[in-house]
Amino acid sequence: MRGWMGKFRSLLLFSALTLFLAGCGQENLSALKPEGYGAELLLDLMLISIAIMVFVFVIVMAIYFFVLVRYREKKGQEDFVPKQTEGNHTLEVIWTVIPIILLLVLAVPTVQATFDLADQSSQDEEGVLTVEVTGNQYWWHFNYEGQEIATSQELYIPVGERVYLDMKASDVIHSFWVPAIAGKMDTNPGENINTMYLEAYEEGVYWGHCAELCGPSHSLMDFRVVAVSPDKFEQWKEDMQNVDPEAEPETASAKEGQELFNNNCMSCHAIGGASAGVGPNLTNFGNRNKIAGILEPSKENLVDWIVHPDEIKPGNKMPANIVNKEEASKIADYLMGLKHTDVGTELDSVNKPKNDQ
Ligand code: HEC
Ligand SMILES: [Cu+2]
């Protein structure tokens, strides 16, 4: 009796745990709540395959239990052997044809979606945006083709338009993945350019992640896709094209910071323009959602990062201790003041404006 109760208890515990874990996950990092064309297509495919699996499972289990009950050994018939069937034509045709039909039901939409997601027919049309994406250990760079705009860690796109991505890596293989908007795509070092497109349905800040193990800080290689209305996007482009990298900051501390930055950091970093250096482009850094893709944008975190990036992202390519804490604090004042555009700052996580939370 006790053993039975024990088993029942652990069953209960595991069921509860399953329910509990099923609630985990982030809404803005979920393939199950699609906010873009690619993600929606992929979710549909997942649902079709799950439906087919459930269908097969239910039928097989039903037959299994029917046979178990109907043909179990009965009292007084211990030696009874039922009629043995071998090579039944009808049965064999049935269990060959049914799986073929099921596979077709799965294959047709899958092949269709595969071609649909690889479709690039509109890429060369007038006004269609192409962004060159570069995966680096452990950050992302975005170069807007023909626009003189470059960003790092945050990719701005207009809602409702297809934005094409030409993707490569500077060092090892990475994988670009924004689960709520599209599927994922590897970025390879060398000449091999992979392509995909993004099409977001609604404004919001969507979370992205590197999905290919690429080194010790792979799990920290996060980025954001900021989808804004086409009007706002035009405004953003204009703001970004008019960045003055040498603009004077307001406070004395930030002015000193600017000089320190130009002397110590500019060899790898850039502000404005379309350059992709050894390190991220820091245009509009003061309005970013995160520092280095992962830290909350506070001055304290920024100073920590500048002095000891190695402790925050092990193995990353920015040297530690270039400047001391005091100097870092001035540089932080300068960088936090780099606000080149307001577009997108009103958005927080997916579909939730900041003041609604
Ligand atoms: C040798 C090249 C190099 C130098 C010099 C350098 N950095 Fe970096 N920096 C990088 C790289 C590479 C990253 C990306 C690290 C990562 O996220 O993996 C980075 C990241 C950053 C970030 C985060 C950027 C983002 O997009 O969120 C900041 C801020 C930063 N550096 C500030 C500085 C400052 C300030 C200095 C000068 C004191 C400096 N860097 C000097 C290479 C450099
Ligand atoms: Cu990576």
Side-chain angles (χ1 to χ4, degrees), residues 133-143 150-156 167-178 184-189 194 208-224 226 249 253-254 256-272 275-338 340:
V133 175
T134 311
N136 311 277
Q137 285 170 319
Y138 302 97
W139 57 284
W140 294 91
H141 189 75
F142 308 108
N143 206 15
T151 65
S152 296
Q153 314 284 35
E154 288 190 357
L155 172 63
Y156 276 68
M167 324 174 82
K168 62 178 171 35
S170 69
D171 35 40
V172 298
I173 302 176
H174 302 274
S175 182
F176 179 96
W177 191 31
V178 196
K184 60 183 122 169
M185 181 62 77
D186 274 9
T187 63
N188 298 313
N194 278 346
H209 197 82
C210 178
E212 179 74 56
L213 184 58
C214 58
S217 285
H218 157 71
S219 67
L220 305 174
M221 197 169 152
D222 291 2
F223 62 101
R224 308 283 174 281
V226 183
S253 162
E256 281 182 58
Q258 183 181 34
E259 199 165 325
L260 285 163
F261 183 82
N262 287 343
N263 293 338
N264 295 292
C265 321
M266 266 306 201
S267 50
C268 295
H269 291 287
I271 293 165
S275 56
V278 181
N281 186 308
L282 299 180
T283 312
N284 201 32
F285 185 79
N287 278 329
R288 292 267 202 88
N289 288 282
K290 299 275 174 184
I291 297 169
I294 47 166
L295 300 173
E296 288 307 316
S298 69
K299 184 174 169 187
E300 201 188 337
N301 282 342
L302 182 52
V303 171
D304 284 349
W305 170 266
I306 294 173
V307 181
H308 264 295
D310 52 325
E311 281 173 9
I312 292 162
K313 275 188 175 176
N316 91 78
K317 290 177 184 154
M318 172 161 153
N321 293 315
I322 305 176
V323 292
N324 62 34
K325 219 165 170 169
E326 206 181 312
E327 293 165 323
S329 162
K330 290 174 186 162
I331 296 178
D333 284 338
Y334 167 58
L335 292 179
M336 305 276 287
L338 290 178
H340 298 112

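Counting starts at 1 for both ligands and their atoms, in listed order.
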Review point. Looking at Phe176 versus Phe223, is the centre-to-centre ring distance below 6.0 Å?
Key: yes
Review point. Going by heavy atoms, is Leu220 under 4.0 Å from ligand 1?
Key: no
**Study point:** Contact check, Met221 vs ligand 1, heavy-atom distance below 4.0 Å
**Key:**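 Judged by the 4.0 Å heavy-atom criterion, Met221 does not count as contacting ligand 1.
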Please classify the [X] to ligand 1 contact at 4.0 Å (heavy-atom distances, strictly less than): side chain, backbone, both or neither.
X      : answer
His269 : side chain
Gln153 : side chain
Ala328 : neither
Leu260 : neither

Check your understanding: From the Cu ion (ligand 2), how many protein N/O/S atoms are found at a distance short of 2.8 Å?
Key -> 4
Looking at [X] and [Y], would you say the former's side chain and the latter's main chain have a donor-acceptor pair under 3.5 Å?
X      : Y      : answer
Arg288 : Ser152 : yes
Lys330 : Leu260 : no
Asp310 : Pro319 : no
His218 : Glu212 : yes
Asn301 : Pro297 : no
Glu327 : Asn324 : yes
Asn284 : His340 : yes
Gln137 : Cys214 : yes

Exercise for review: Check the angle between the aromatic planes of Trp139 and His141 and answer parallel, tilted or perpendicular using the 30° and 60° thresholds.
Suggested key: perpendicular
Point to revise | Asp222/His209 under side-chain contact (heavy atoms from CB on, under 4.5 Å): CA gap, chis, key distance, verdict | key: CA-CA 5 Å; Asp222 291 2; His209 197 82; 2.4 Å; yes
Ligand-residue contact atoms, ligand 1 with [X], heavy atoms, under 4.0 Å:
X      : result
Pro319 : 1 (C), 3 (C), 4 (C)
Val278 : 12 (C)
Leu282 : 24 (C)
Lys313 : 16 (C), 17 (O), 18 (O)
Trp139 : 12 (C), 14 (C), 16 (C), 17 (O), 18 (O)
Leu302 : 29 (C)
Phe285 : 25 (C), 27 (O), 29 (C)

Write out the residue and atom name of the closest protein heavy atom to [atom], then the distance separating them to 0.1 Å.
atom                    : answer
atom 33 (C) of ligand 1 : Met318 CE, 3.3 Å
atom 28 (C) of ligand 1 : Trp305 NE1, 3.4 Å
atom 38 (C) of ligand 1 : Cys265 SG, 2.7 Å
atom 41 (C) of ligand 1 : Ile322 CD1, 3.4 Å

Review point. Evaluating non-hydrogen atoms only, which member of Asn316, Ile291, Thr151, Ile294 is closest to atom 15 (C) of ligand 1?
Key: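 It is Asn316 whose heavy atom sits nearest to atom 15 (C) of ligand 1.
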**Study point:** Pick from Pro280, Cys268, Gly279: the one approaching atom 1 (C) of ligand 1 most closely through a non-hydrogen atom
**Key:** Cys268
Practice item. Using distance alone, with no hydrogens and no angle criterion, decide if Asp333 and Ser253 have a side-chain donor and acceptor under 3.5 Å apart. Key: yes
Less than 3.5 Å between some nitrogen or oxygen of [X] and one of ligand 1, yes or no?
X      : value
Ala292 : yes
Tyr138 : yes
Arg288 : yes

Study note, to complete from the structure: residues 296-336 vs ring pair (Phe, Tyr, Trp, His ring centres under 6.0 Å), sequence neighbours excluded, gives Phe261-Tyr334
